[in-house]
Structures are given as structure tokens and as C-alpha cells.
Number of protein chains: 2
Amino acid sequence: MAKKKTSIKDIAEALGISITTVSFILNGKGREKRISDEMTKKVQDYIKKIGYKPSHIAQSLRLGKSKVIVLMVEDISNQFFASIARLIEEKSYKNGYKIIYCSTDNDTDKAKELIGTFKVRNVDGFIITPTPGLENVVKELLEEGVAVVLFDRWMPEVDCSYVIVENKTSAEEATRHLMDQGCRNLGFVTVDSNQTQMMDRLAGFQEALKGSKVHSSILKVKFHTIAEQYASQRILEFLTSHPELDGVFFSTNYLAFEGLQALIKLGKKIPQQIKVVSFDDHYFFNLFQPPISAIEQPIEEIAESLMESMLKQLEGTGQNENQKIVLSNKLNVRESSVLH
Amino acid sequence: MAKKKTSIKDIAEALGISITTVSFILNGKGREKRISDEMTKKVQDYIKKIGYKPSHIAQSLRLGKSKVIVLMVEDISNQFFASIARLIEEKSYKNGYKIIYCSTDNDTDKAKELIGTFKVRNVDGFIITPTPGLENVVKELLEEGVAVVLFDRWMPEVDCSYVIVENKTSAEEATRHLMDQGCRNLGFVTVDSNQTQMMDRLAGFQEALKGSKVHSSILKVKFHTIAEQYASQRILEFLTSHPELDGVFFSTNYLAFEGLQALIKLGKKIPQQIKVVSFDDHYFFNLFQPPISAIEQPIEEIAESLMESMLKQLEGTGQNENQKIVLSNKLNVRESSVLH
DNA sequence: TTGAAAGCGTTACCAA
DNA sequence: TTGGTAACGCTTTCAA
């Protein structure tokens, strides 16, 4: 039943020539090795006829490269990561690389284990949103000569290529925007994490407040996936115990979704009673009534930079500097944060 | 720099024993092959000490299996597929399989090419949302003994395992629900496609109408991704030219999103002026005001069934029947389709 | 109870 | 201009 695969050897036998010749032709070294045109043609025709494709596994073993890149994100079902994944996929397939993905849930042990599993498979590179405490593992990877690019957040202790966005600047801008719109009691809802992206957003928020008379209240909820719906209740309590708030900034979109749920429940009028801004723009922010102001990350550019940096390491000449890329975001002001 | 990898041979040399012995112990055949306990222990300790992991590539080559499953969906950045991906990932990693994903954009040529690329890599199985015209390629796969499970839609001409949902029944139920709520002029917005899932949803809609006096208007928009925002304008025109509509059924969630955008633009009151139901429930439907009624697919069960069927083929005894699994959906009635 | 060696499908060096 | 062959790292049969 299972039609056995033809190998390079079968071709050589069928054509009465050597494996070497076939291999050279397959790899386009015909000219270089000065193989006659008729021979080349004969082989190519035969290959096309029987539809032969070289075994990638064997090539990997021989070459020590697998043409596989691992995309390790926090949660592939999160819209932000899924969109990045889609773009990364496109770009890497175009360059002959396949993508294996995995989700860490921001769990260090899980991430370590996953990296271990993949080293065994000779994967050529890793694109990672690092979990806390992953420093040593990434260092090891680097020492072993594996290509690594971090994104979304980075690790100050590790000298590694990364692609991130201007978290602090954008958070500051959005906060100032709220203040410009008259907010005097701002809430900041974020996840309880020491990771750079969240720290920077908080820092931006606080920076904007410096020297102003605006009051601020901060809520840190523990890390969770949106499916858990954990934060909605916490945010509800937060909003209830801070009735003075006239503006709230969510540090990421799923917190905003949960926050909106809370605001709806409380019957708060946006933007009349409370103004809303969120990090990480999302299709729905536009659809929601009123549309929600949000900071849009340049998804396309992020994916582009990630692949560029990855390919540079993969195909590069060896000693290339680590690339540290910081991209700008865009604050999309919508009705949720402006007075009519 | 790059610390060279230790192989089974290095271990054998270091311990002054043969490769075979090491291999047997590694594969847990110590007992079976009656290798002495002290030898076993010695080897295991050494392996643990140097942190050796066998090369998966070499194993693949030798065994002809790669422990890789390809997940081929329409678009990995689509929430539905991303959620499935997340669950599939979890279940397959648990069973020692890795997942490579790719998006077809519902493009036949692209899908064919992708399948070609993966056959070369000895992947063990394919989980596929088939594009139109993929029948022959899938048949070939099956003939070659590769494990295949289709989902979301199936191909009547091909005898292949699949996991789908009760599209027709649910569409019928949702339509009847709209009729029960007093709708007399129903619109049905779908994509122009001959694929089973869309045909079945349309069939369900029409079935419900049979024998009733309810009028219906159908809009078929061409296939597109939500990023293109193509349908919003088309739906707007459709709604404008059918002012009599008092209910509309979207055959999939991204059409509903685009449709909601159109309804907002038109200033239509939901549900007072027009009632709305959509296929494929979504987090956002709950958040939208008013919350949108939708048919929820059992994502978890779908992923579960997919992996179960896949593993059965992969690890099974060979001649197992194809599994054709049809799961039930759940109509979540919300404010968008009921009178107060 | 352990070891030698063939073989999986390639690539690439060295010969011819 | 072409061919022989070692090597990549592993599993497994057969022999010792």
C-alpha cells in the first residue's frame, strides 16, 4: 500500500550512473562540477517524471541544519501572538524555513522544557517571548551557536538580539492624552510582572504623572489567560473602591476586555464618566461602542524585523552584532477618551 | 564556541562499552536485553551527568518517523483556528509530537505546495482544513499511509477521517429562533464557497424557512480575510437595498464583525429594528452591546477528537476504520436576537 | 550479557 | 566529467 519512497540511490541505479552525479545535479552544482548538459538534462527529466523530492531528514542529519525555526510565544491563541505568527509563517516559508510553535503560558519550567526538546531536533533558530527566569537557558542557546531573537520583552542580563516596542514612551503619551482630556484621577490596570514590557508601561504612566496634581491608583492582577476571566472581578472591585476615577489605562488588551466587562456591569458611561485607553490595539476596539482608544503595535514591522534578524544570524557570516530593535507604536485616539 | 554535541558514540567510548549497549539502555530495553543492572546504572548516571539527549533527526531517519504533525488551517491568526491550534499543541506535545503549522488562505495551490513540502520531511500526520480542489492530494497522502484528519469541513469524494460540527442543524435552529422572535424578513450573509461547512449552514437556513411565509435574502461575499475589510461595504449595500430585513444571520463570525460595523454605520438598532445571530461564537460577542447571539462550536471537543483520531492512526494497529465525527454546537441566545 | 555492523538518505571529499 | 565512499547519529539484527 504505502508506496515506498524513491531515494537518490534508486535514481542512480535506474539511470545507470552514480549517486554523486545525481546529488550534484540536484544541488545545482552541475556547472561547477562540469557535468555534461545532456547528463544534467537526463537526470532532471527523470526526476521530474517520477516526482522525486530529496529527504529533508537525511539532509538535516548530514548538514546539521534542519531549516526549522521555533516560535515560542506566551499563548498562540492570543490575537497579538497569532497575528505575529501568521506573518512570521509567511516570511519564513518564503525563505525555506518551517515554523514549529509552542506556547509557554509564561511558565518558566515549561519554557525550559520546550527549549530542551527542540535542541534535540537541531532546530536552527528560536524566536522567543521569554518567560521570567529564562536567562540562563537563553545564554546556553547563544553559546551553542543557535540563532535567537527575543520579542515583546527582553532580558537586561542577556546580550541577545531582540525586537521590542517603545513601551514607556507610548504609555507616557497615552497617559498625557488622558490628562489633556481632563482626567484628574487615573487608574492603571496591569499584570503583576517584572517583565520589561509591563515595567516600561508602568514607568511611562508614572513618568507622565510626575509633577502633575493628577491622582493615580494602580491595580496589579496576577498573570492569567483571558479564558480564565480572572481579572474581570478584580477590576470590578477596583473600580468600585475607587469611584473617583475619571480615566483608566489598561496595560494590555485582554485586561481592557475584562475591564470593559466590569464597566458595563457598573453602568459607567464611557467617556462621560470615565475615559478609557488600552495598550495593544485590537480589531474590536474599533467595533466597540464607543470605540476604544488604544496603542497600536506595528505588528507587520515586528514580524519583519524578527525574521530579518533571524535570517541574518542564520545565513550570516558568523560574527554579526546582536540587533536590538525598538519600534514605535501609534496611539489611535477614539471616542472612549475624548469629550465631544 | 559552539559546544559540539555528544553522540551515543562518545558515551560508549567514554565508558569503554559498545554503542549498542548504550542504545539499548537509552531505549529502556535493558531488561529485555538482560543488561546488568550495574551497567545500566553506570550508563544512566553518565547520561544524566553530561545531559545527553539523543538526536531526533537521526532517529527520524532511522525509524522513518518524525514525530511531527502538520496543522494546516485556513488562517492561523483567525481566532477560531488559533484556539484550536492552542489545544492541539497541548495535546500533541503531551504525546511527544511537535506541531508545524501553516495557513492556506483557502488557496488550493498553496495548500498543495505545502503538503508537498511536508511529505519530504517525513511528517507523520496532517490535520487539515481542506481547501477546495484538494481531493486528489489528500487521496495520495492516504495511499502513502500518512495519517490524515480533516476538520471544519470535509470532502464527500474522499474517504477520510474528519471532525466537523452539525452545521445544518445549528443553522436551522438559529434561524427558527429568529423566526420565533418575530422576524419575517431574514437576511443570510455568507461567503461564496462550495465547501461543506458553508453549504450546510445555508441549507439549514433554508430548511428552517421551508413552508413558512418568511422572506429571505441571501448575500454571498467572496472569500477574504478580515484584515481586508472587504465585506463591510458589501454588507452595507446589502442592508441598504433590503430595508425590510428584520433579522440577519451571519454564517461566520468575521462576517458578523464586518456586518456589525455596517449596522453601526446605518444606525440600526439591535434588536429593536433588526435581530442578529452569528455562527462561531466569540469572546467579543459577549462584550458587544447588545451582546450578540451566536452558535458556539465545541472547540475543546474538536481539538480532543482531532488528536484522538490522529493518534489512533499514528499509533494504531494499522487497519482502523476512518473516524467520522460530528459534534454538536450550542446556540447562545443573547440580547441581539430577543425582544425585551 | 554485550558487541559489530548494516542501513536510513544525504553530501562532499578524493580519485579516476 | 563522473564515481566510490566516509560520515552524519541512531536502531536493530545477528553473532559472540
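These numbers come from a predicted model, not from an experiment. Below, chain A is the first sequence line, B the second, and so on; all start at residue 1.
- Within the structure, a side-chain polar atom (N or O) of A/Ser23 is placed less than 4.0 Å from OP1 or OP2 of C/dT11.
- At whole-Å resolution of the value, CD1 in B/Ile35 and P in D/dA16 are 19 Å apart.
- Look at CD1 on B/Ile25: it is 15 Å from P on D/dC10, rounded to the nearest Å.
- For A/Asn27, the side-chain atoms get nearest to C/dT11 when compared with the rest of C/dC13, C/dT2, C/dT11.
- The side chain of A/Gln59 lies closest to C/dT11, out of C/dT11, D/dC10, C/dG3.
- In this entry the distance linking NZ of B/Lys53 with P of D/dG9 reads 17 Å, nearest Å.
- If you measure from atom NZ of B/Lys67 to atom C1' of D/dC10, you get 16 Å, rounded to the nearest angstrom.
- Looking at the side chain of A/Arg62, the nearest of the listed nucleotides D/dG3, C/dT11, D/dT12 is C/dT11.
- The B/Thr21 side chain lies nearest to C/dG3 when the options are C/dT10, C/dC8, C/dG3.
- Looking only at distances, a side-chain donor or acceptor of A/Asp124 sits under 3.5 Å from a matching main-chain atom of A/Ser66.
- Without hydrogens or angle criteria, B/Glu89 side chain to A/Ser103 main chain gives a donor-acceptor distance under 3.5 Å.
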(request) Assess whether side-chain hydrogen bond (donor to acceptor under 3.5 Å, both in side chains) is satisfied between A/Thr20 and A/Ser23, documenting all intermediate values. (result) CA-CA 5 Å; A/Thr20 316; A/Ser23 175; over 6 Å; no

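- Map A/Ile17 and A/Leu61 each onto its nearest nucleotide of DNA chain D; the residue landing nearer the 5' end is A/Ile17.
- Residue B/Leu63 is in sugar-phosphate contact alone, with no base atom involved, counting any heavy-atom pair closer than 4.0 Å across all strands shown.
- Distance from the side chain of B/Lys29 is smallest to D/dT12 among D/dC8, D/dT12, D/dC10.
- For the pair B/Lys65 NZ and C/dC8 C1', the interatomic distance rounds to 13 Å; values are reported in whole Å.
- Distance, A/Asn122 CG to D/dC8 C1': 10 Å, rounded to whole Å.
- Checked options B/Ile69, B/Leu306, B/Asn95; the residue passing with B/Leu311 is B/Asn95 (criterion: side chain to side chain contact (heavy atoms under 4.5 Å, CB included)).
- Residue-level contact check: A/Thr20 touches the bases, meaning some heavy atom is under 4.0 Å from a base atom.
- A close approach under 4.0 Å does not occur between any side-chain nitrogen or oxygen of B/Tyr52 and OP1 or OP2 of D/dG9.
- Here B/Leu26 lies out of heavy-atom contact (under 4.0 Å) with every strand.
- The nucleotide whose nearest atom lies closest to any side-chain atom of A/Ile8 is, among D/dT13, D/dT2, C/dT11, C/dT11.
- A donor-acceptor pair is defined here as one N or O able to donate and one able to accept, closer than 3.5 Å; such a pair exists between the side chain of B/Asn78 and the backbone of B/Phe80.
- If you check every strand for non-hydrogen atoms under 4.0 Å, B/Ser55 touches sugar and phosphate atoms only.
- Listed nucleotides C/dA4, C/dA12, D/dC10 differ in distance to A/Phe24; the shortest reach to its side chain belongs to C/dA12.
- Regarding A/Arg121, its CZ atom lies at a distance of 15 Å from the C1' atom of D/dG9, rounded to whole Å.
- Using a 4.0 Å heavy-atom cutoff across all strands shown, B/Ser36 reaches sugar-phosphate atoms only and no base atom.
- If you measure from atom CD1 of A/Ile19 to atom P of C/dT10, you get 9 Å, rounded to the nearest angstrom.
- Checked by atom type and distance alone, the side chain of A/Glu74 never pairs as donor or acceptor with a backbone atom of A/Thr104 at under 3.5 Å.
- The side chain of A/Pro54 lies closest to C/dT10 when the candidates are C/dT10, C/dA12, D/dT1.
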